[in-house]
Amino acid sequence: MEFGPHLLLAVIEGSVGAAVLALTALGLSLVFGVMRVVNVAHGEFYMLGAVIAWYVATFLGAHPAVGFVGALILAPALVAVIAMLVDWLALKRVGYDPEATIVATIGFGYIFQQLTLMGFGPEARPVDPPFNSRIALPWFEFGENGLEFYFPWGLSVTSYKLFVIGAAAVLLIGFWLMLSRSKIGLVMRATELDRETAQAFGIPVDRVYAIVFGLGAGLAALAAVLIVPIQQAHYLMGHDPLLLSFIVVIIGGLGSIRGTIVAALLIGLSDGIISVFFSPTLAKIIATLLVAFVLVFRPQGLYGKKAA
Amino acid sequence: MLKLDNIQAGYGPVKVLQGVSFEARAGEVLCLMGRNGAGKTTTMKAIMGLLPLDSGQITLGDVTTSTLPPHEVPKQGIGYVPQGRRLFGGLTVAENIDVGLMTRGKGKKTREFVLDLFPRLRERLNQRSETLSGGEQQMLATARALCLEPSVLLLDEPTEGLQPSMIQLIRDTVDKMRDAGVAVVLVEQRVEAVLDMADQVVFIENGFSRETMTPDALRRDGALLKKYVGI
């Protein structure tokens with residue numbers, strides 16, 4: 001395949017990764033922005049989303065679409081409930097102290113990982129996509145008769161991958177609308193800006209924190225349900241999303257939703273393109289180097305606010 | 001109406017309030033005076049439930065507010081204008097007002113009332129509150145508290161750093177609230193403002209409420225100002 005079609009393929013693969021990464025990192029960024037909690041268990045919430053998706057899809061059986069839709073509803077909801085329990089059991093009790101919450105979420109991350117290993121096992125298990133037809137993509141070249149379109153051999157994408165990109169875009173827009181236009185979004189933003197004054201205006205900050213922590217974990221689980229028909233569920237699958245989410249959140253600017261989405265596109269696309277043309281390891285090395293540059297030259301990230 | 005009965009509170013091991021008592025009555029302005037660090041702002045925070053009491057109690061009518069969780073206190077009808085305004089800087093003027101309205105489920109009528117009170121805010125509804133001038137920020141902080149239709153209004157140094165026309169606007173608003181039967185608790189450093197506005201003056205010293213008197217009595221005994229405020 002020529003370079004052009006090859007690049008198009010890499011961009012599509014990168015877009016799938018960017019879409020899922022944007023959702024995952026958004027959860028991490030939301031939790032940090034509102035609660036000032038660095039959730040080290042975020043990757044394990046992602047993993048739990050995928051594993052629960054496999055259980056739900058297997059239990060419902062029937063057509064893959066039934067299992068997938070069931071997983072899309074149940075897995076994020078269950079993971080959100082688990083996260084709210086973690087908030088109630090640990091984070092609230094340590095007064096949301098930044099250091100103590102890091103230790104607590106590391107601990108819960110290991111607990112979730114080992115419980116999954118004991119119950120789910122060490123195998124990687126697939127969830128069938130609800131649909132998976134192959135769509136040939138056109139390419140163009142300038143021939144004797146001007147611009148000509150044709151379908152190069154091997155230049156195709158599955159309909160499910162396009163669905164993942166579209167679904168993530170819809171979810172991100174929906175999330176932005178929720179945050180900027182709804183009452184609960186206003187309450188979250190007010191809490192993020194000034195916890196004490198929010199309380200003085202009747203906002204139950206502890207309840208908002210529980211909802212935000214559940215929502216953040218639910219977003220990670222949602223991303224995992226979308227990707228599990230492509231990548232399979234495995235008890236160690238939370239590591240890469242956690243690392244990449246931290247990279248995205250640092251580059252985008254801690255707590256900045258806009259920065260998170262822009263950085264997710266940057267990292268996801270570059271990860272996809274470099275992985276296709278060179279190797280996935282090189283992609284991770286470059287992303288990590290990018291973080292180092294950002295930390296040195298623009299510590300607040302692309303859209304973060306400079307500390308006063 | 002709002003009664004503080006020998007309250008003690010502080011920040012962790014640091015005891016700031018060691019015995020503050022007073023009663024703010026409906027339709028009256030009670031001014032808290034004292035030197036920096038005496039405990040005036042801490043008293044306001046304790047009333048709002050933002051600091052747990054070590055002992056004593058705070059009641060509003062028949063309700064003991066000091067046993068309520070902090071977010072339930074404003075719902076009893078206590079509006080708070082904190083020192084330094086503490087606006088939600090990243091939110092627009094309209095959103096700051098909406099937060100105030102949400103507290104007690106007030107609607108369009110209350111919103112129109114506060115915007116009529118501060119017409120300048122109506123022109124800035126979509127502007128981020130952190131970009132407003134100091135005077136406009138104080139208007140917004142006051143408007144946000146009035147959105148609760150409070151029976152008690154706490155104002156912590158509302159005229160700090162404002163130009164004279166703005167100070168007059170805040171004083172007019174306090175007068176309107178008093179006329180409407182609101183109990184106003186005011187922390188204020190300007191003696192002439194206290195003497196003009198207050199119905200009662202409470203001096204706080206080292207975390208204790210020392211003396212309660214009328215402005216007329218204070219005019220007669222200037223030594224008290226020297227003693228408690230250093231003027």
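Throughout, a chain's letter reflects where its sequence line sits, starting with A, and its residues are numbered from 1.
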Query raised in the report: Quick check: are there more than 12 heavy atoms from other residues, nucleotides or ligands sitting under 6.0 Å from NZ of K75(B)?
Result: yes
Report task. Using modelled atom types only, decide if a donor and an acceptor are shared between the side chain of T103(B) and the backbone of G202(A) within a distance under 3.5 Å. Result -> no
Query raised in the report: Taking atom OH of Y11(B) as the centre, does the number of heavy atoms from other residues, nucleotides or ligands within less than 6.0 Å exceed 12?
Result: yes
Requested in this report: Give the member of K45(B), M102(B), R144(B) that has the highest number of heavy-atom pairs under 4.5 Å with chain A.
Outcome: R144(B)
Query raised in the report: Counting only heavy atoms not in R120(B), do more than 12 fall under 6.0 Å of its CZ?
Result: no
Report summary line: Per-residue tally against chain A (heavy atom, under 4.5 Å) across C147(B), P70(B), G49(B) peaks at P70(B)
Query - Part of E72(B) lying under 4.5 Å from any heavy atom of chain A - result: neither
Query - Portion of T191(A) that has a non-hydrogen atom of chain B nearer than 4.5 angstrom - result: neither
**Report entry** Rounded distance (nearest 0.5 Å) linking atom CZ of F201(A) with atom CG of D98(B)
**Finding:** 12.5 Å
Query raised in the report: Side chains of E196(A) and R86(B): does their closest heavy-atom pair fall under 4.5 Å?
Result: yes
**Report entry** Closest non-hydrogen atom pair, P74(B) against Q199(A)
**Finding:** CG-O, 3.7 Å
Query raised in the report: Which bit of V99(B) is near chain A, if near means a heavy-atom gap under 4.5 Å: side chain, backbone, both or neither?
Result: both
Report summary line: Between Y80(B) and A200(A), the two heavy atoms sitting closest are CD2-CB, 3.8 Å
Report summary line: What one should report as the nearest heavy-atom pair of G90(B) and L193(A) is N-CD1, 3.7 Å
Query raised in the report: Taking atom CZ of R190(B) as the centre, does the number of heavy atoms from other residues, nucleotides or ligands within less than 6.0 Å exceed 12?
Result: yes
Query raised in the report: Given the rule in the side-chain contact (heavy atoms from CB on, under 4.5 Å) test, do H71(B) and I203(A) qualify, once you have shown the distances and angles that lead to the verdict?
Result: CA-CA 6 Å; H71(B) 68 273; I203(A) 295 175; 5.8 Å; no
Query raised in the report: Do other residues, nucleotides or ligands put more than 12 heavy atoms under 6.0 Å from K106(B) NZ?
Result: yes
Query raised in the report: More than 12 heavy atoms of other residues, nucleotides or ligands under 6.0 Å from CZ of R207(A): is that the case?
Result: no
Report summary line: The interface call for E130(B) against chain A, heavy-atom contacts under 4.5 Å, is side chain
